[in-house]
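Down below is the structure, laid out as C-alpha cells.
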Amino acid sequence: MTNPTLLILAGDGIGPEVMGQVTRIIDWYGKNRDLAFDVEHDLVGGAAYDKHGTPLHDDTMAKALAADAVLLGAVGGPKYDDLDFSVKPERGLLRLRKEMDLFSNLRPAQCFDALADFSSLKKDIVAGLDIMIVRELTSGVYFGEPRGIFEEGNERVGINTQRYTESEIDRVARSAFELARRRSGKVCSMEKANVMESGILWREVVQKVRDTDYPDIELTHMYADNGAMQLVRAPKQFDVIVTDNLFGDILSDCAAMLTGSLGMLPSASLGAPNPDGRPKALYEPVHGSAPDIAGQGKANPIACILSFAMALRYSFDQGDEATRLENAVEKVLADGARTADLMGPEDGTPISTTEMGDAILAALDASL
Ligand code: IPM
Ligand code: MG
C-alpha cells in the first residue's frame, strides 16, 4: 500500500508558522496511529509570485490536481497590494478552487465552551453553537462573465456578473443535504430571491432537489440579509446553511466571529469524487495571512490544525482520528492554553504558536 499524498501550500504571512504545527501533527499520526502521509511542500500566493512571477505555478497546479488532499495556509499581504489584479496572491487560491472544481466549501462555526466568554455576543446566545455553512465556491459573481473595467461613454464602468446554472445549484444543494443527514437534518438556504433572478432560480432548484431526493430534510429559505441579522440575533436556530459564493463569503465571516476568534475556524473545499471515491479537496483555515503578526510566533495554529482534522474526516475516512484531534484541541482550551488572539489585554501572558502545538501534541499523546 502506498501512503496517501498531501500537498502543503503554506503561502504567506502567518501561513508558514501555523502550517509548521500541522506538519508536526501529521508526523505524530505517522508515528503513533499507523497513518503515514507522503507530504510535499510548494508555494502559493505572494510566496509563489516572489519566486515565479505568478501566484500559482502550473507545476503546482498539476501537483494539486494529483494530490489526495491539499492543505493551504493563507495568501496575501500588503507587500502585494500594488500588483496587477491578475497576479495578486488571491488569484492563486481562486485558480486552485476553480481548476480543482471545489464547488462545496464547508465552513463550520463552532463555539468551544472554554471560549464562550470571548464572543462579542452574550454567552447564552453562542454557548454550544455548532453550525455549518456550505458555500458554493466555483461560480457566482466571483467567476461570472462578463467581468472587467470598461470604457462607457466618457467614464469607466466596473462589471461583475452573478451567474448560476441549475446544475451548479443542484450539486451544492445535494452536498448540503448529505451533510445535514449526518447532523440534525435541517438546512436553511439563503439568497436574495426578492431582487435577483439568480436567487429565484437558486430557491427553485434547492427546493426541487429537496422534494425529489431528500424529503427527510427540513428545508427553509431566507433572504441573505435577514440571514445575516438572524446569525447575530439567534444563531442557534441554524444547523446547515447553504448559500452562494459571495453571500457565503460574507455570512461565513460573520458566523466565524460568533465563536470568538477567526483563529479557530477550519474549512474544507470539496469537489466531485475521484474514481477512488475520494473527493478533490483543499483544506484551509478561514483566517487570512494576518501580516501584522506574521513571523512573530504569535499566531493561533488551531484553525489550520482543525483543517487537517477535516482532511482526516472528509478525504481519508478517518472520522475517529479527526475526533481525536478535535478533542485534543478542546482539551488544551479547557486547560486554559491561549494564544494572543484568545486573550484580552489583562488576561496574562499568551503562549506562542509552537507552545500551542506542543500542548496539542501532548494532549494527543495522552489520548493513546
Ligand atoms: C475566503 C477569502 C477569499 C474569498 C479571498 C482570500 C479570495 O475571503 O476564503 O473567504 O473571498 O473567497
Ligand atoms: Mg472571506
Side-chain angles (χ1 to χ4, degrees), residues 11-13 44-46 48-50 52-56 61 72 74-105 107 133-169 172 189-203 205 222-229 231 241-257 262 267 269 282 284 286-291:
D12 306 325
V44 70
Y49 177 82
D50 288 339
H52 303 299
T54 164
L56 188 74
M61 187 66 241
L72 188 134
V75 295
K79 185 179 161 196
Y80 307 104
D81 280 353
D82 297 328
L83 285 185
D84 187 70
F85 183 75
S86 64
V87 289
K88 278 200 187 299
E90 291 77 7
R91 303 311 303 167
L93 176 57
L94 292 169
R95 180 174 175 204
L96 281 165
R97 290 174 178 172
K98 188 71 180 172
E99 291 193 24
M100 292 172 77
D101 202 17
L102 305 172
F103 61 87
S104 177
N105 179 214
R107 298 193 161 187
I133 299 198
V134 179
R135 167 189 177 193
E136 199 292 324
L137 202 61
T138 51
S139 185
V141 77
Y142 271 59
F143 296 98
E145 302 279 348
R147 66 182 297 164
I149 300 175
F150 304 98
E151 302 287 337
E152 198 177 271
N154 56 4
E155 61 173 356
R156 292 179 307 157
V157 51
I159 296 181
N160 291 90
T161 302
Q162 167 81 336
R163 179 179 192 275
Y164 271 105
T165 64
E166 289 181 293
S167 53
E168 287 168 341
I169 302 167
V172 74
S189 169
M190 296 187 186
E191 28 54 17
K192 286 279 291 176
N194 50 345
V195 284
M196 297 165 77
E197 285 80 0
S198 59
I200 296 176
L201 188 69
W202 181 281
R203 186 176 284 220
V205 173
M222 198 178 270
Y223 297 140
D225 52 345
N226 184 24
M229 187 179 76
L231 267 175
I241 292 173
V242 62
T243 189
D244 77 11
N245 204 342
L246 182 59
F247 294 140
D249 180 43
I250 297 164
L251 293 170
S252 65
D253 263 24
C254 177
M257 210 49 221
L262 271 178
S267 80
S269 304
L282 179 145
E284 58 177 315
V286 169
H287 63 66
S289 59

Check: Does Arg135 make a cation-pi contact with Tyr142 (under 6.0 Å, within 45 degrees of the axis)?
Finding: yes
Note to self: Are more than 12 heavy atoms, taken from residues, nucleotides or ligands other than Asp81, located less than 6.0 Å from that residue's CG atom?
What the structure shows: yes
Notebook entry, point to check: Any side-chain heavy-atom pair from Val286 and Asp253 closer than 4.5 angstrom?
Noted result: yes
Check: Below 4.0 angstrom, N of the basic side chain to O of the carboxylate: do Asp50 and Lys79 qualify?
Finding: yes
Margin query: Counting C-beta onward and ignoring hydrogens, is there a side-chain heavy-atom pair between Arg147 and Asn160 closer than 4.5 Å?
Written below: yes
Item checked: Distance in Å, Ile133 CD1 paired with Leu231 CG, rounded so as to fall on 0.5 Å steps -> 5.5 Å
Check: Can you tell if the side chain of Met61 reaches within under 4.5 Å of the side chain of Leu96, non-hydrogen atoms only?
Finding: yes
Note to self: Using a 6.0 Å cut-off, check whether atom CD of Glu152 has over 12 heavy atoms from anything other than its own residue.
What the structure shows: no
Note to self: Could you check whether any side-chain heavy atom of Tyr164 comes within less than 4.5 Å of a side-chain heavy atom of Asn245, counting everything from C-beta outward?
What the structure shows: yes
Notebook entry, point to check: Only one of Arg163, Glu168, Lys98 forms a side chain to side chain donor-acceptor pair (under 3.5 Å) with Ser139, so which one is it?
Noted result: Glu168
Margin query: Can you tell me how far apart CE (Met190) and OH (Tyr223) are? Round to the nearest 0.5 Å.
Written below: 13.5 Å
Margin query: Treating Lys192 as the side-chain partner and Ala224 as the backbone partner, does any N or O pair qualify as donor plus acceptor under 3.5 Å?
Written below: no
Margin query: For a 4.5 angstrom cut-off between non-hydrogen side-chain atoms, does Tyr80 reach Val75?
Written below: no
Item checked: Point-to-point distance, once rounded to the nearest 0.5 Å, from CG of Asp244 to CH2 of Trp202 -> 5.5 Å
